[in-house]
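These numbers come from a predicted model, not from an experiment. Per chain, numbering begins at 1; letters A, B, ... match sequence-line order.
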6 protein chains.
Amino acid sequence: MTRADGRKYNELRPVEITTGFIKFAEGSVLIRCGDTVVLCNASVEERVPPHVAPGCGWVTAEYSMLPRANRQRSRRDIDKLKLSGRSAEIQRLIGRSLRAAVDRRLLGERTITVDCDVLQGDGGTRTASVTGGFIALALACRKLVEEGVLPRTPVKHFVAGISAGIIDDAPMLDLPYSEDSRAMVDLNCVMNELGEIIELQGTGEGRAFTAAEQQELVELCAKGCRELIRKEKDILGEVL
Amino acid sequence: MTRADGRKYNELRPVEITTGFIKFAEGSVLIRCGDTVVLCNASVEERVPPHVAPGCGWVTAEYSMLPRANRQRSRRDIDKLKLSGRSAEIQRLIGRSLRAAVDRRLLGERTITVDCDVLQGDGGTRTASVTGGFIALALACRKLVEEGVLPRTPVKHFVAGISAGIIDDAPMLDLPYSEDSRAMVDLNCVMNELGEIIELQGTGEGRAFTAAEQQELVELCAKGCRELIRKEKDILGEVL
Amino acid sequence: MTRADGRKYNELRPVEITTGFIKFAEGSVLIRCGDTVVLCNASVEERVPPHVAPGCGWVTAEYSMLPRANRQRSRRDIDKLKLSGRSAEIQRLIGRSLRAAVDRRLLGERTITVDCDVLQGDGGTRTASVTGGFIALALACRKLVEEGVLPRTPVKHFVAGISAGIIDDAPMLDLPYSEDSRAMVDLNCVMNELGEIIELQGTGEGRAFTAAEQQELVELCAKGCRELIRKEKDILGEVL
Amino acid sequence: MTRADGRKYNELRPVEITTGFIKFAEGSVLIRCGDTVVLCNASVEERVPPHVAPGCGWVTAEYSMLPRANRQRSRRDIDKLKLSGRSAEIQRLIGRSLRAAVDRRLLGERTITVDCDVLQGDGGTRTASVTGGFIALALACRKLVEEGVLPRTPVKHFVAGISAGIIDDAPMLDLPYSEDSRAMVDLNCVMNELGEIIELQGTGEGRAFTAAEQQELVELCAKGCRELIRKEKDILGEVL
Amino acid sequence: MTRADGRKYNELRPVEITTGFIKFAEGSVLIRCGDTVVLCNASVEERVPPHVAPGCGWVTAEYSMLPRANRQRSRRDIDKLKLSGRSAEIQRLIGRSLRAAVDRRLLGERTITVDCDVLQGDGGTRTASVTGGFIALALACRKLVEEGVLPRTPVKHFVAGISAGIIDDAPMLDLPYSEDSRAMVDLNCVMNELGEIIELQGTGEGRAFTAAEQQELVELCAKGCRELIRKEKDILGEVL
Amino acid sequence: MTRADGRKYNELRPVEITTGFIKFAEGSVLIRCGDTVVLCNASVEERVPPHVAPGCGWVTAEYSMLPRANRQRSRRDIDKLKLSGRSAEIQRLIGRSLRAAVDRRLLGERTITVDCDVLQGDGGTRTASVTGGFIALALACRKLVEEGVLPRTPVKHFVAGISAGIIDDAPMLDLPYSEDSRAMVDLNCVMNELGEIIELQGTGEGRAFTAAEQQELVELCAKGCRELIRKEKDILGEVL
């Protein structure tokens, strides 16, 4: 099967990462994966939410789409007075993924909030947010080290996220919206540089899928994550 | 490793299902999985949300915990004017899982809302909601057939959900809260009677996990789902 | 006039009270009055709202109906971002009724919140909540005594609530929904074991009523409350 | 017992009623009962809420206190994003009271909303709202007749509201705040010109009360309502 | 051009100011400008918002229209759960205008909130709020001096506000609603007793306007403000 | 006086305008004025709000700052469930400014919403939003003409906005945050290509200002707007 943009079934869309897009944030990344564009800003604050154990830090994420990120304009959450359920689900995924990358004891009693604002959405916004958000997080931690606040970075692993899906029974990596809307099965995967899984979400709204199919999708994602972590290292260096 | 309640690593907690707990709902189920108690009510309404294609129906779910379902009382969502992010994430999972069980064209232009209200929570509330909610859904559809509204049930598959986790490197099925809070990895799985996957959510907040570990957890879940679907058939009969 | 369920004009519906329905709450009661089912959970917290005088405690109530408690599904409050006005009115009544039962100085600087969640509603949910909520409150206070937190129970009186109404000019005790919707006058009454009134709410939306009629309804309620307090004593013992 | 303002136990505070305070409303009344000042405006709209039976009209009320109506400034509801529970309870009482005064079939498919905004609060604001709101309602209905919209007024009865309480075991009519805050028992009563009861709310937060005491309070209120209806007739004439 | 109410182009509507309208507020003013009626209450609280510098006080304003202040009833903000954008804009203008009149260091660590509630709106409600709110503020400060809380008033200037507009190319002072709705250009101006500008807002929704026209409108407003400050001095005396 | 960035008192910051930043919006502009960066997207919808006269269109704006647009992270509006008052004020200014540029009858019964999302804020965000939003609006209208929906553009004028302020008694054009926070007087001005004023907002929170000073600031703004409109013509051409 040929893809509309000429990619192979296991090929990523072109990825472009701009660091320092915003100058105020401790870490700022604009990530483009094909036509998906997400601005990821990491902010450090010297306090933690009440549920956090003494001596530990916290990492959390917020996700939002600008009203005209999509083909149709959608009303802002504040206009409806409700965080969209989809955003709530996604920002919890991003938060867990980034939290897993950090030694919270080493971070100390501070919070890093990673804001992922989708400027343009063309599929894969949540995994682009994980990848871009991770770089922003790593940059913010590096800044804490450079400023002497922390002795060394609390980031333990490189982390990246990607999606895959099944279209007409064929597994495909990194679906844009036009493919995503035709996919029977959709799987998002967040991995570290050891190829281990941090988050996995598979959905068969079109049809159920077998464990074998699921494994195939995970392997596709593993290839994608390896390549994305390669790009992360190009930006951040081999050592965190 | 022995478990606090004496279960084997691949054993479910005792499950007790009461149908018709509420007399007004088209389908009503009280499900107990160990100390987790969820009231699942399916309601039929003769209209669909605007995004649904003409001729098709809709299946959706709402999930909520009573304020004293847990060890500590928590404030009601309405007191905070916000649906909890956790509830938003969970009810989307339940909704997708139940929607996948139904032929929406056969259902016709009506909505079935499955309300899952957790009366007591001791781990596994989301998967208990899927299992209990599925039975409520099937009963509601059966009622539509009995009343002559539908020629046959739009439910295509038996569906059940269960969780598994890794504790001290050992995979375990169906974690209560005391185990869940110690688990390094947590995986929720929704399957049909063919052993196919409908929803899969794995999280490694404690540590990342390998694809092999993930497969092991899915197999544990498959065993659990088989047993739960067995119970569903005891209640609903072999044919939907 | 004969009643649909064969009861006499001054007869209560069958009442069934299950204590310990939920294991986490300090006091937990499932009360069934005919087809009305309310789960009443009392929670103790070691703090008081700011308006409470130093050295005193606080007792409050929250009331809510599950979306499918009634013949038609209703949207959740959180979906509308508004506590229903009816719920606000009812929970204030329950709160005042239960607060009147307690010596707040003896309770000390702690709050007992009684959550009344209607699982099924068939008339008389607010007074069933008072009766069930009172038992949950008494159980929670008893637990504070058993744990040595309090030297003796701060509960001063047995308290119960019941409704009566005028249907076709005939006074009737304990109206189910089918009668309630035909009633011209509706009166809710909360009393203690001395037959004294704690709360009284009479409404003549169908027609106005005379002071004599009102007295007749209060006398009916007094009989109902005596019987309910008899049941409370069967559960709690003669001494609080 | 002598009262701070020299009134007898069964005497009303001075009442002053200004009609036409606002020129746009179909009916507008500023009512002063001692230091309590409420602006009551009745607005007619040519539509009804969905729950109203075809051919019938609707009467409803909204109640609010200006932030500095009391001794302390209180935050606006909109600042807290919540209608105060007290306001919700009170506006339901006012709405039921005024609705009971109207033949809704005669009103036809239109809604009259009576806004009761408390400019200054010194006890008895809910009953002052009923009395002032009734006059505003009657004026609005009269305007509909004058304009030829209705053949005759749908108002069936004169309606007024007043409170009474027990202070140091003595029943007292029409309590200002200084008395109200010391009262053991508090009773609000809405009556028509025949002395029949429309709404009755008695609360014993200080102590429980006997049926005999309750009757005594109702009789005090009956005297108060007779005098208020006398004032209503001075303004509206003997015939509605 | 002659005006509907016979005024000259540079003439104010009749202004009537009642102080002490509400007895609880530290400063209370009912201001009538033609048919516009605003109740302005200044409340003193012994705390400041977190953003205020140590040793300094704060002055802020809230603005709201009663639901039937206008020709049509409008829903309350709390019913929509949103402060109207228009109110938000206006209360910021009033707050800045009144804050500019006060030496915040002299005020000390306390907040004065000026509530401006429009009882009837017929154009010019925001500037009537500034003028009436200023008098309420000055009275509240004077009370702080009388009570010995402050050595002298922190109010530095007399402040008043007025609007002007261009109708059929003619500049006009103090537009009522009937003129305002026909105006091409609308300008609101807040000034002190030296004729200096504190706030200026000009809008050309009907057509753009030249700098010369703008100056002409400012001059008209200057005349209006002089006369309003004359009235303020009649009430407050020549010295603040 | 020399400025930190070496500009003259009447000099604009460097302006950079990228059109087509987002591919889905009918008009999309990224505008940079110094370190202020705003994404302005114009969306066309084929319906109008209820208050719009038949046959006419509507133009409106929404303004929001990303949480990390500033030196400190701020909470999202949706987290507080309130549109910030500042945003409400600003988006009304932008909406009026852009609406004034359009012949709403020529636009027909459709709405153009211009979303202005501040990615980075360093002073002058509201006027940058007007300038960038105008270009997005003009592009969207041009697209309607190109698609044959409209015979010719409904945009009547070029429109741009800029701010000026008084620092140490010296008037300055186009203040960045570091200057803005020291300014005694702040004035925002929106003008068309004829040098006429559309919106004018002057605030003297630091000190009051004379009409002469105000005129000086307007003249500075006129120079700035001329230069900005020059840039608009470079992008859009001389004819709209």
Side-chain angles (χ1 to χ4, degrees), chain D residues 18 20-30 32 34-47 60-84 87-88 91 111-122 136 140 177, chain E residues 18 20-30 32 34-47 60-84 87-88 91 111-122 136 140 177:
Chain D
T18 310
F21 187 82
I22 285 302
K23 68 176 193 179
F24 298 134
E26 282 73 34
S28 176
V29 165
L30 187 81
R32 292 176 178 271
D35 278 331
T36 287
V37 185
V38 188
L39 177 55
C40 306
N41 291 324
S43 298
V44 180
E45 285 162 305
E46 296 293 317
R47 54 191 167 71
T60 187
E62 297 193 2
Y63 169 98
S64 183
M65 300 197 85
L66 290 202
R68 197 53 200 277
N70 284 328
R71 279 148 184 86
Q72 304 291 322
R73 184 178 188 272
S74 49
R75 288 166 62 205
R76 290 174 194 263
D77 284 350
I78 190 62
D79 191 36
K80 293 180 281 191
L81 289 178
K82 286 183 191 172
L83 181 67
S84 101
S87 290
Q91 70 189 16
T111 297
I112 302 184
T113 303
V114 180
D115 287 293
C116 301
D117 288 89
V118 179
L119 305 189
Q120 188 165 272
D122 188 36
Y177 175 78
Chain E
T18 310
F21 187 82
I22 285 301
K23 69 176 193 180
F24 299 134
E26 283 72 34
S28 177
V29 166
L30 186 81
R32 293 176 178 271
D35 279 330
T36 287
V37 185
V38 188
L39 177 55
C40 305
N41 291 324
S43 299
V44 180
E45 285 162 305
E46 295 294 317
R47 53 191 167 71
T60 187
E62 297 193 3
Y63 169 97
S64 184
M65 301 197 83
L66 289 202
R68 196 53 200 277
N70 284 328
R71 280 150 182 85
Q72 304 291 322
R73 183 177 189 272
S74 49
R75 288 167 61 206
R76 290 173 193 264
D77 284 350
I78 190 62
D79 192 36
K80 295 180 279 190
L81 290 178
K82 287 183 190 173
L83 183 66
S84 101
S87 290
Q91 71 189 14
T111 298
I112 303 185
T113 303
V114 181
D115 287 292
C116 302
D117 287 272
V118 180
L119 306 189
Q120 188 165 271
D122 189 37
Y177 175 78

#### Entry: Test item: L66(D) and L39(E) side chains (from C-beta on) under 4.5 Å apart, heavy atoms
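Yes; the side chains approach each other to less than 4.5 Å.
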### Query
When only pairs under 4.5 Å are counted, which of K23(D), Q72(D), K80(D) shares the most heavy-atom pairs with chain E?
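Heavy-atom pair counts peak at K23(D).
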### Query
Side chain, backbone, both or neither: which part of N41(E) has a non-hydrogen atom closer than 4.5 Å to chain D?
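It is the side chain, since no backbone atom gets that close.
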### Query
Of E26(E), E46(E), E62(E), which meets salt bridge (charged side-chain N to carboxylate O under 4.0 Å, His left out) against R73(D)?
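With R73(D) as partner, E26(E), E46(E), E62(E) yield a single salt bridge (charged side-chain N to carboxylate O under 4.0 Å, His left out), made by E62(E).
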### Task
Salt-bridge test for R76(D) and D117(E): reply yes if a basic N is under 4.0 Å from a carboxylate O, no otherwise.
yes
Any idea which heavy atoms bring [X] and [Y] closest together, and the distance?
{"X": "F21(D)", "Y": "L119(E)", "answer": "CE2-CD1, 3.9 Å"}
{"X": "R71(D)", "Y": "F24(E)", "answer": "NH1-CZ, 3.2 Å"}
{"X": "S43(D)", "Y": "R68(E)", "answer": "OG-NH1, 2.9 Å"}

### Query
What part of K82(D) gets closer than 4.5 Å to chain E, counting heavy atoms only: side chain, backbone, both or neither?
backbone
### Atom group of N70(D) that falls short of 4.5 Å from chain E, counting heavy atoms
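Interface part for N70(D): backbone (N, CA, C, O).
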### Task
May I ask you to name which of V37(E), V44(E), I78(E) has the most heavy-atom pairs under 4.5 Å with chain D?
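Among the listed options, the one with the most contacts to chain D is I78(E).
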